[in-house]
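Comments concern the structure below.
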Protein chains: 2
Amino acid sequence: MADIHTEQLVVIGGDAAGLAAASQARKRRVADLEVIAFEKGEFASYSACGIPYLIAGDVAGPDRLIARQPAVFRDQQAIDLRLRSEVTAIDIAARTVSVRDWATGDSYVQPYDQLVIATGAVPARPPLPGADAAGVHGIQTLTDAMDLEGRLAQEKPKHAVIVGGGYIGLEMAEALIRRGLQVALVDARPQPMRTLDPDMGTLVADALRGIGVDLHLDARVTAFITSDGHIEALQTDNGTIPADLVVLGMGNRPNSALAAAAGIPVGPTGGIVTDRRMRTPVDGVWAAGDAVETFHLVSGRPVAIALGTHANKQGRVAGINLGGGYATFPGVLGTAVSKICGYEIARTGLTEAEAATAGFATESVIVESTTRAGYYPDASSMKTKLIAERRTGRLLGAQIIGREGAAKRIDGLAIALWNRMTVEDMTGLDLSYAPPFSPVWDPVLIAARKAAELIEGRS
Amino acid sequence: MADIHTEQLVVIGGDAAGLAAASQARKRRVADLEVIAFEKGEFASYSACGIPYLIAGDVAGPDRLIARQPAVFRDQQAIDLRLRSEVTAIDIAARTVSVRDWATGDSYVQPYDQLVIATGAVPARPPLPGADAAGVHGIQTLTDAMDLEGRLAQEKPKHAVIVGGGYIGLEMAEALIRRGLQVALVDARPQPMRTLDPDMGTLVADALRGIGVDLHLDARVTAFITSDGHIEALQTDNGTIPADLVVLGMGNRPNSALAAAAGIPVGPTGGIVTDRRMRTPVDGVWAAGDAVETFHLVSGRPVAIALGTHANKQGRVAGINLGGGYATFPGVLGTAVSKICGYEIARTGLTEAEAATAGFATESVIVESTTRAGYYPDASSMKTKLIAERRTGRLLGAQIIGREGAAKRIDGLAIALWNRMTVEDMTGLDLSYAPPFSPVWDPVLIAARKAAELIEGRS
């Protein structure tokens, strides 16, 4: 009974989710677990969220974005992290994966007892000719970032077009403005930042214009115009924009093709289906990170949100369970924050449109207030929007736009949302106050008061 | 049935609580309410919390601290705000107050139908001769601040001693350092900031020493040494400190003497007793602000915490109820924040010592992390302490010390506390993440993880 059977844990994906799972499993099972992690790219364990700041020049070099070097995993954690090693197939019956080693060109089969699929997300790319021309860059991986950096350094492009007005697209627009390029941004919707309601998103559009971004909204890309294989312009259904550089920031979808091909269930969002412990329905197979779908705590629906913080948490949960412990991933609220053009922008929960889709009738308020006491230096204006359920007053979502010191308030709102607080409950919250940090009524409290008054008035 | 009987609302105290009550009552009862507010000082409706920043020079002048001028109350809200008018007695049987008008020296009796007692707090003053010598200043009121400012401008004192190491004392120490004075600080405890645990408070002591404050801890003031009626030195049981300026920041207690003399019940903290709607047990008499005692949501005990944010909320609640509406004040968590010597310091809930007094067995963690992603410019170190109940893991308290961008996280912790979350629950929270705002694991999540692991390990 006392003999130790060593199990093999195979992890597909060497980023946040995969390596968090590997590390947690290793921490709890030292003697009886062999851990191999395959990463198809040349880098592992880095912050993809840091790429816009690398391009902007805020971060000294790509190495700074790497949290842990491969040798650290190997030497300190006995995790056999293999770079440039792509898993091309999973055989759930045989419990093996097929691996292509891009360094040697060889392929081999690796058995597993436990498998963690952490294959991340696939960036959207328009299915148009020229979308892979020279000068058209994705920005998903550190390799992408270094390719873009190389292009900027060598070809010194002058006219950049960003396709996609999400967080990454906007952060890249600002980064390239700071690098001295002329920057246009194309988005198919009437405003950037579709994770905000239009009344808040329009403030972001103003901020972008304020730093000189040429916004092309309500515009769909119809063609990549190239010359000698190099991008020359972007054609949209609303005009043509000259471009010697195009950056694609069109969002992404779960990279679940490998799992799906192996017969591992994929849900309506395209993400791999797991239970709360991050187990797929297939014995011995776990999944975590951008490749999975999770549960939205307010809408009650499956969602796929590619974000490092979820990936880290889910990987940790998978690893704890793999290691014989117990942990669950509770779902998400869609909390997000970004700093763009000197503005802090944050959101959590549902927008008005998302709430309507989920079947909620809502009341909304936007309050304008200041980040600090009005008389304190650097007090600046901020807007807080709350969306509450009609009649019950339950908080359903929140959005913040403001200057330095505004946005981290979203965390308190996320915790209120998590606990299903009503805006009436929230009016009594004991939030911190001192002149350098907030007015005597924190903007969150002012917004809760206004929302509670609105709901009381309508009931 | 349709005749309007006009009631008289009398408010004692022209600051946050009193005027919030008056404003809310007026908002809901326009036609049938006469509102008179008596303020014994020369200023009303100002931010006492802003005084240290006024002295430091961050705020242009005392007028900037005044939220609303008396004329605004009179002309826009029909609130008869009478300055330099001190209520000297309440007769609950006759429903009258006695008022002394310090401008004329006259006294008169004012009847009321409804009375709001918002008499604030009394600053502690050592019962020693010389404590009222020239050069010894309180800093409770705007008048105090202007007196101190006058002293600084005219006498140009060089050696200041602050008595008391609470928030105000520390803020004043920094303000006077910035004004070019040599500053010593005397506190009877072994560390400043008794609202923090010693392991966190010691960091505050280091920060104070770092800007040149001469700390005299574990030292009790034994005598005010004066010459020709002017302060010359402060004698403590641990040495004598030369001083041509002394600032008293020794905390305060509810100013409930007037209420007590009238037979209105006062609780064990010395604060006036009210119900959740801010009614005292005496018919027609309400109370709000620093003069009342409230309920600590974690310890379950009565507490008196003098803070503008509670005063505003309680005044609002009293005013809504007076106006025929319904609102309750739910109690407090003891949330507080301050900026001292470039550090942000925050706390909520119970310290370890307070938790022990309340009967909780606890586990505590302190984690060191960064305010932003490690590679992002201006990422700086911060410490987060969580105190959780043994076995259940229920969060009981939290403390934060760090640089710019650290402390407002206390609000999220306060909301977690409010909702009786466990540290295990908190590990899953969907908090915002982007490199300019936090590491991928926000310090709050790291601390929750460590605390949950500790509690799991001990159970």
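Note on naming: letters A, B, ... go to the chains in the order of the sequence lines (proteins, then strands), and numbering restarts at 1 for each one. What you see is a predicted model; the values in this text were computed from it and never measured.
For Gln314(A), no part lies near chain B; criterion is any non-hydrogen pair under 4.5 Å. Residue Thr309(B) touches chain A through both its backbone and its side chain, counting heavy-atom pairs closer than 4.5 Å. With a 4.5 Å cut-off on non-hydrogen atoms, Ile410(B) touches chain A through its side chain but not through its backbone. At a 4.5 Å heavy-atom cutoff, Phe329(B) makes no contact with chain A through either its backbone or its side chain. Of the two parts of Ala416(B), the backbone and the side chain both hold a non-hydrogen atom closer than 4.5 Å to a non-hydrogen atom of chain A. Glu171(B) does not touch chain A: none of its heavy atoms, backbone or side chain, sits under 4.5 Å away. Looking at Arg409(B), only its side chain comes within 4.5 Å of chain A, counting heavy atoms on both sides. Only the side chain of Leu445(B) has a heavy atom closer than 4.5 Å to any heavy atom of chain A. Neither the backbone nor the side chain of Arg347(B) comes within contact range of chain A; no heavy atoms are under 4.5 Å apart. In this structure, chain A has no heavy atom under 4.5 Å from any part of Met426(B).
Ranked by heavy-atom pairs shorter than 4.5 Å toward chain B, the options Lys339(A), Arg420(A), Lys313(A) are led by Lys313(A). Annotation: maximal heavy-atom pairing with chain B below 4.5 Å, among Gly308(A), Pro439(A), Pro435(A), occurs at Pro435(A).
Under 4.0 Å is where a charged nitrogen must lie from a carboxylate oxygen, and between Glu344(B) and Lys408(A) no such pair does.
Taking a 6.0 Å sphere around OH of Tyr343(A), one finds it holds 12 or fewer heavy atoms contributed by other residues, nucleotides or ligands.
Of all non-hydrogen atoms in Ser369(B) and Ile446(B), the two that sit nearest each other are OG-CD1, 3.6 Å.
Both the sub-6.0 Å distance and the 45° axial angle are not jointly satisfied by Arg64(B) relative to the ring of Tyr53(B).
Under the 4.5 Å side-chain criterion, counting only non-hydrogen atoms from C-beta, Ile66(B) is in contact with Leu142(B). With contacts defined as side-chain heavy-atom distances shorter than 4.5 Å, the pair Ile305(A)/Thr294(A) does not qualify.
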